[in-house]
Amino acid sequence: MNKKVICLLTSLSLLVVGCGNNVAPPDDNSGQDDSGQDDPTPNIPPEEQKMTYKDIYRYEYKKSDQLIGKKLYRASDGYIENTQQGYNNFYYLAKIDSEYNNLLFESGVFKLNGAEIDQDKMTSVTGASATRCFVAPEAGTARISGSVYLINGSSAHLSVFKNDTLICEKEVDSDGVFHTNDVALVRGDNIYFVIDGNATVSYNPVVDYTLLNEMILHHAANGYYGDVHPFYDYQSKKMHMFYLSTGNQSGSDRYDIYRSMLTTSTDMIHYVDEPIQMNERGRPEQDLYFVLNVFKDKNGFYRSSEGMANHITTSVSSDLHTWSNGTEAYVDPTDDLFKYRFAAYYDDTVYNGRDPDMIYNAEDDCYYTVSIVYHTSLKASGRKSIQLYIGNNKGEFAPKGYTLIGFEGRGDPECPQIKKIGDRWYVFYSVYGTGTKGNVGKFAYRVGDKGVNIKDVDWESKPELYLDGEDLHAAQINEVGDKYYYYGWLNYKYNTSVWGGYLNLPHEVYQDEDGTLRSRLDEELLRLLNKGLIYKDNKTYTANENVNVKLTRNLITADLDVVNTNRIGLKITHGGDAYFIGMVTKAGKKYLTIKNDSDGYMCEVLAKTASKYKLTISLDGNMLDINVNDDTTLSAFTNLIDTNKYLDVEANGNSVKNLKINQLADYNNIYF
């Protein structure tokens, strides 16, 4: 969205600077809080460490409070940090000769006659079946469900009983399995979860009296996310999702449109709102969006670039919560003029600009900043470009700018970013008018030459490539350890021009040998999303057929073998809507596509050309995250609001096989 431009009337002459020189931490009042006391100098982060996916999706399990009445009871509510039988109504038994016997707590696990229960793990042997028992605290209808995964052994058998009545049974293999049943209970009923076979499974069943609908995984702030600016902080091990308020907040707290906001996550899924504020003794120049793209400067301070009418400035913080004016006054000894560090003033070819992104590059010991600039008073209707300014290691920027990419006759290249990945520079942006119904979208990028400085790359000659489709707006890329992820917002209304919405799920970005960037739902996220198999089809489809399986919230996978240029994939239908999801061939190229054949809605992204594709669809309410071959990802916001959703196969003479429908995790159970 176009953001309000706040003018600053000032006139400064700036020195042409190069890289180099040492610099002390900020010496103005940017290091003070509202009390006037100096903030502690921030810790300089250690050398960047590699992070595993489990480091990134880091969830802290805590002991549950004592639950009473008609609540949601997880088996984990009984065993996390607890060694006693019966906590939160869960007991640990072994079924031996049709009798249930209490397990004994020994050496950190519950065990008896070879049967063991160790938190989520249940181990059974011949003659002793590990069993969890839940004793109903109240009368009422409860939803009894769970996901069971085989850890050791060739197979296991799950039986769920209400007292002596069998509720359901499932065979458990390497695919895992999901079950759910609504059951009428009276106080004191016993629900037995019995595992038979010489095997170990992971199982955390749930008894839910609340019968509430599952919560979607795609997070939305109160009033929805405007443009998002993710920053992963290595010190706190938290994703800081800075974003602009849409002004649509509900309740008594109403926020100005474009106001800087913050929500954080330690596990990449669950977000908690946190306050951010301006230091009243040294306010940032920009009163509304005073925090956008955040980076660590050479001295370990957090900085954020801010857009003013005639220059780029910064705010600075030692804790990511209180932000001060980031400029530093100095006198240039070459001409005795009063100037500012960490401020890049547009040259005389620029009318004004916005949406800056500043970074520090340790390899060059330099600061770089880019922004949209308008070269005429016509602004968006006239000549515009992404322009680069370079500063030395003191943050002293040269007045000369470098035009990287011109956008005359196109929409604004909003939220531009620059990154150096490996030995290549990249320029990212989202062109206004390329999203669904005209929104900013199509997360675009261009690839620099190996070993060439950003200012020396012929960016105009580089092809415009895309990391996602038309539904993901104003996306931004951010480092998470040694990995990269991108986030944007998905409309809060279907196929409508609005500003703001939901976060996509984490999409990992990695680099191909030729510099092209690829995207995927990473292996740990896929593991967390999959709560067990519901339907498995060994059939090979070559024609269009109805699978006749009702969908809810699902993780769907299928193998696509392409033998002709007809489209191939799956179709989700409900009511009058029919969404095709799969591969479409156009001009000899393959596109991962979602298209509603009923109203013409469509999003697509160019995929690698291949003869075989592994299709993965995360169906999370209205929102889909679609991936093929772990290298191409597509985000979508659909009109799939009806619960009566069904799956069709579209083979069209190609081959679709190995179809699996799994239960998709929800916001409350993804880590349980």
Side-chain angles (χ1 to χ4, degrees), residues 61 63-64 66-68 71-139 142 144-173 176-177 179-181 183-209 532 672:
Y61 294 92
K63 184 175 181 177
S64 168
Q66 183 71 57
L67 300 175
I68 300 173
K71 301 287 182 64
L72 184 152
Y73 294 82
R74 296 187 183 95
S76 53
D77 295 333
Y79 62 67
I80 292 176
E81 297 182 16
N82 177 62
T83 62
Q84 303 297 315
Q85 291 269 16
Y87 190 71
N88 280 330
N89 298 66
F90 278 97
Y91 295 82
Y92 311 106
L93 315 172
K95 190 174 185 180
I96 302 172
D97 296 330
S98 300
E99 297 291 332
Y100 295 105
N101 303 271
N102 283 337
L103 300 183
L104 304 176
F105 191 77
E106 300 176 6
S107 304
V109 299
F110 290 94
K111 60 175 63 175
L112 183 70
N113 289 14
E116 292 187 3
I117 297 181
D118 179 9
Q119 298 199 42
D120 65 302
K121 300 179 184 64
M122 300 176 68
T123 299
S124 297
V125 297
T126 301
S129 300
T131 303
R132 298 184 191 274
C133 177
F134 177 81
V135 180
E138 297 283 351
I144 297 172
S145 63
S147 303
V148 197
Y149 297 94
L150 190 67
I151 298 175
N152 290 311
S154 58
S155 66
H157 184 84
L158 166 69
S159 303
V160 181
F161 296 89
K162 185 181 87 168
N163 302 319
D164 294 326
T165 302
L166 181 66
I167 297 172
C168 77
E169 55 182 339
K170 300 279 186 179
E171 294 297 324
V172 184
D173 59 19
V177 68
H179 69 88
T180 182
N181 297 89
V183 179
L185 300 176
V186 298
R187 182 181 176 88
D189 275 343
N190 292 329
I191 305 299
Y192 296 105
F193 304 92
V194 183
I195 298 296
D196 293 307
N198 289 293
T200 299
V201 302
S202 174
Y203 187 28
N204 182 15
V206 174
V207 180
D208 181 11
Y209 281 92
F672 291 93

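Every heavy atom of this structure was used, including side-chain atoms; hydrogens, water molecules and symmetry mates were not.
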Using the six-membered ring wherever Trp is involved, compare the ring planes of Phe193 and His179 and label them parallel, tilted or perpendicular (cut-offs 30° and 60°).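 Answer is tilted, since the angle falls between 30° and 60°.
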Assign the ring pair Tyr61 / Phe672 to parallel, tilted or perpendicular, where the plane angle (0 to 90°) is split at 30° and 60°.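 Ring orientation of Tyr61 relative to Phe672: perpendicular.
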Given Tyr91, Phe161, Tyr192, the one that forms ring pair (Phe, Tyr, Trp, His ring centres under 6.0 Å) with Tyr100: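 Option passing the ring pair (Phe, Tyr, Trp, His ring centres under 6.0 Å) with Tyr100: Tyr192.
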Mind listing the closest non-hydrogen atom pair of [X] and [Y] along with its distance?
| X | Y | result |
| --- | --- | --- |
| Leu185 | Ala136 | CD1-CB, 4.1 Å |
| Gly532 | Ser147 | N-OG, 4.4 Å |
| Ser124 | Ala130 | OG-N, 2.8 Å |

Verify, without hydrogens or angle tests, whether [X] (side chain) and [Y] (backbone) share a donor-acceptor contact under 3.5 angstrom.
| X | Y | value |
| --- | --- | --- |
| Gln85 | Phe105 | no |
| Tyr73 | Phe90 | no |
| Arg132 | Tyr92 | no |

Which value, rounded to the nearest 0.5 Å, describes the distance between [X] atom [atom1] and [Y] atom [atom2]?
| X | Y | atom1 | atom2 | answer |
| --- | --- | --- | --- | --- |
| Lys71 | Asn88 | NZ | CG | 9.5 Å |
| Leu103 | Asp118 | CG | CG | 11.5 Å |
| Asp77 | Leu67 | CG | CG | 5.0 Å |
| Phe110 | Gln84 | CZ | CD | 7.0 Å |
| Leu93 | Ile117 | CG | CD1 | 7.0 Å |
| Leu112 | Asn101 | CG | CG | 6.0 Å |

If we ignore angles and hydrogens, is there a donor and acceptor under 3.5 Å between the side chains of Thr126 and Asn198?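 Yes, because at least one side-chain N or O of Thr126 sits under 3.5 Å from a partner of the opposite role on Asn198.
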